[in-house]
Amino acid sequence: MRRSSLLLCLLVGCAAAMDEPSQARSRMVEQQLVARDITDEAVLSAMRRVPRERFVPPEDQRYAFGDHPLPIGHGATISQPYVVALMTQLAHVKRGDRVLDIGTGSGYQAAVLAEMGAEVYSIEVVTDLAERAATLLAELGYDNVHVRAGDGYRGWPEAAPFSAIIVAAAAPTLPRPLTEQLAVGGRLVIPVGEFVQDLQVLEKRPRGDLHVETVLPVRFVPMVGEVESQPRH
């Protein structure tokens, strides 16, 4: 083989290797999201662009696009792509919205919201995870995400009200501070329950009452912190 041809082959091979994650993300979106019930084009587009492989541990990057959650340390997980897409679609996020993300984890949900043009306030109870997520999100250029370590039960009152709130941990009862920080017309997407959990969507109506919709049974890690001391209903 001539040297120029060999060089061309090497360059093409390198380009193909570099493009592999984006191809895997496209397959993930088509096979796991579009093939189900995800129809929000903004959600689909964001999940094609966000490099999900960067939000999992290096040893698990080959599994990043699978239809399942993955461990990220400290007993936490990155949710399966479909669950992230579904919760984001249910939240009705629009460009320019202010969104509260409870349970930052590795930062993937926050990145998807940021890619959609939202201003994201994200809280993670595990300090190490919060710091790692903040660093990664900054490296990827998501300067519209604000991350802090803390108890998500109280939300982020100084940044409220929020057009949407997405919670990636199951609360035994609905956290009242979060419903209070929801804007009129805003939607709170949250798994509720202990042994049996349901994904719920709560929309705040003009008079302040909440319309509640139960979507499907789910399984999330439990919310910890102040919520554990709250009375059960």
Side-chain angles (χ1 to χ4, degrees), residues 25 29 33 38-52 54-55 72 76 78-79 81 83-127 129-169 171 175-191 199-206 208 210 223:
R25 289 196 299 274
V29 168
L33 311 185
I38 306 303
T39 58
D40 188 322
E41 285 298 331
V43 175
L44 296 172
S45 180
M47 292 187 67
R48 287 188 185 99
R49 293 193 303 269
V50 174
R52 181 176 169 88
R54 294 288 304 276
F55 292 88
I72 56 173
I78 178 174
S79 295
V83 170
V84 174
L86 176 63
M87 294 179 76
T88 308
Q89 177 169 275
L90 290 170
H92 291 185
V93 175
K94 302 180 298 299
R95 181 169 294 277
D97 279 352
R98 182 170 292 201
V99 180
L100 179 61
D101 169 41
I102 303 296
T104 312
S106 64
Y108 181 66
Q109 174 72 82
V112 171
L113 293 167
E115 195 71 53
M116 294 173 67
E119 191 75 16
V120 186
Y121 294 80
S122 190
I123 305 175
E124 171 55 52
V125 71
V126 179
T127 300
L129 290 177
E131 292 175 348
R132 282 159 44 189
T135 298
L136 176 57
L137 289 162
E139 287 176 359
L140 294 173
Y142 292 117
D143 54 6
N144 51 337
V145 180
H146 315 275
V147 180
R148 75 179 184 191
D151 188 342
Y153 178 80
R154 287 286 166 189
W156 202 315
E158 61 269 33
F162 297 100
S163 300
I165 301 175
I166 297 178
V167 184
R176 185 181 180 91
L178 299 186
T179 63
E180 292 173 345
Q181 291 173 37
L182 194 63
V184 171
R187 293 164 73 88
L188 166 61
V189 183
I190 181 173
L199 185 63
Q200 295 186 356
V201 181
L202 299 95
E203 183 172 354
K204 182 174 282 189
R205 293 175 166 173
L210 296 168
M223 182 181 285

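All heavy atoms count here, side chains included; hydrogens, waters and symmetry mates do not.
- The two atoms that bring Lys204 and Thr179 nearest to each other are NZ-O, 2.6 Å, heavy atoms only.
- When the ring-ring contact (aromatic ring centres under 6.0 Å, His included) test is applied to Tyr108, the partners found at least two apart in sequence or on another chain are Phe55.
- Side chains of Met223 and Pro191 form no contact here, defined as non-hydrogen atoms less than 4.5 Å apart.
- Of all heavy-atom pairs spanning Gly103 and Ala168, the tightest one is O-CB, 4.0 Å.
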Open item on the list: Applying side-chain contact (heavy atoms from CB on, under 4.5 Å) to Leu44 and Leu33, what does each step give before you reach the verdict?
Closed with: CA-CA 8 Å; Leu44 296 172; Leu33 311 185; 3.8 Å; yes
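- Closest approach of Ala110 to Asp101, counting heavy atoms only: CB-OD2, 3.7 Å.
- When side chains are defined from C-beta on, Leu113 counts as touching Ile166, because their heavy atoms get closer than 4.5 Å.
- When atom types are taken as modelled, the side chain of Arg48 and the backbone of Val29 share no donor-acceptor pair closer than 3.5 angstrom.
- Proximity of a side-chain donor or acceptor of Thr88 to a complementary backbone N or O of Val84 within less than 3.5 Å is detected.
- Considering CG of Leu188 and CD of Glu203, their distance stands at 11.5 Å, rounded to 0.5 Å.
- For the pair Glu139 and Arg54, the minimum side-chain heavy-atom distance is below 4.5 Å.
- Residues Ile38 and Met47 fail the side-chain proximity criterion, which asks for heavy atoms closer than 4.5 Å.
- Of all the heavy atoms in Leu129 and Ala76, the pair that sits closest is CD1-CB, 3.8 Å.
- A donor-acceptor contact shorter than 3.5 Å is absent between the side chain of Gln181 and the backbone of Phe162.
- With rounding to the nearest 0.5 Å, the separation of CD1 in Ile165 from CG in Leu182 is 5.0 Å.
- Counting heavy atoms from C-beta outward, Val43 and Leu86 have side chains that stay 4.5 Å or more apart.
- Without hydrogens or angle criteria, Asp97 side chain to Ala118 main chain gives no donor-acceptor distance under 3.5 Å.
- You'll find the side chain of Val99 stays beyond 4.5 Å of the side chain of Met116, heavy atoms only.
- Side-chain N or O atoms of Arg49 include one that pairs as donor or acceptor with a backbone N or O of Glu115 at under 3.5 Å.
- The existence of a salt bridge linking Arg148 and Glu158 is confirmed by a sub-4.0 Å separation between a basic side-chain nitrogen and an acidic carboxylate oxygen.
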Task: Derivation and outcome, side-chain contact (heavy atoms from CB on, under 4.5 Å), residues Thr104 and Val145 - done: CA-CA 11 Å; Thr104 312; Val145 180; over 6 Å; no
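- With contacts defined as side-chain heavy-atom distances shorter than 4.5 Å, the pair Ser106/Arg132 does not qualify.
- Using a 4.5 Å heavy-atom cutoff, the side chains of Ile190 and Leu202 are in contact.
- We find that Glu119 and Arg98 are not joined by a salt bridge, their nearest charged nitrogen and carboxylate oxygen being 4.0 Å or further apart.
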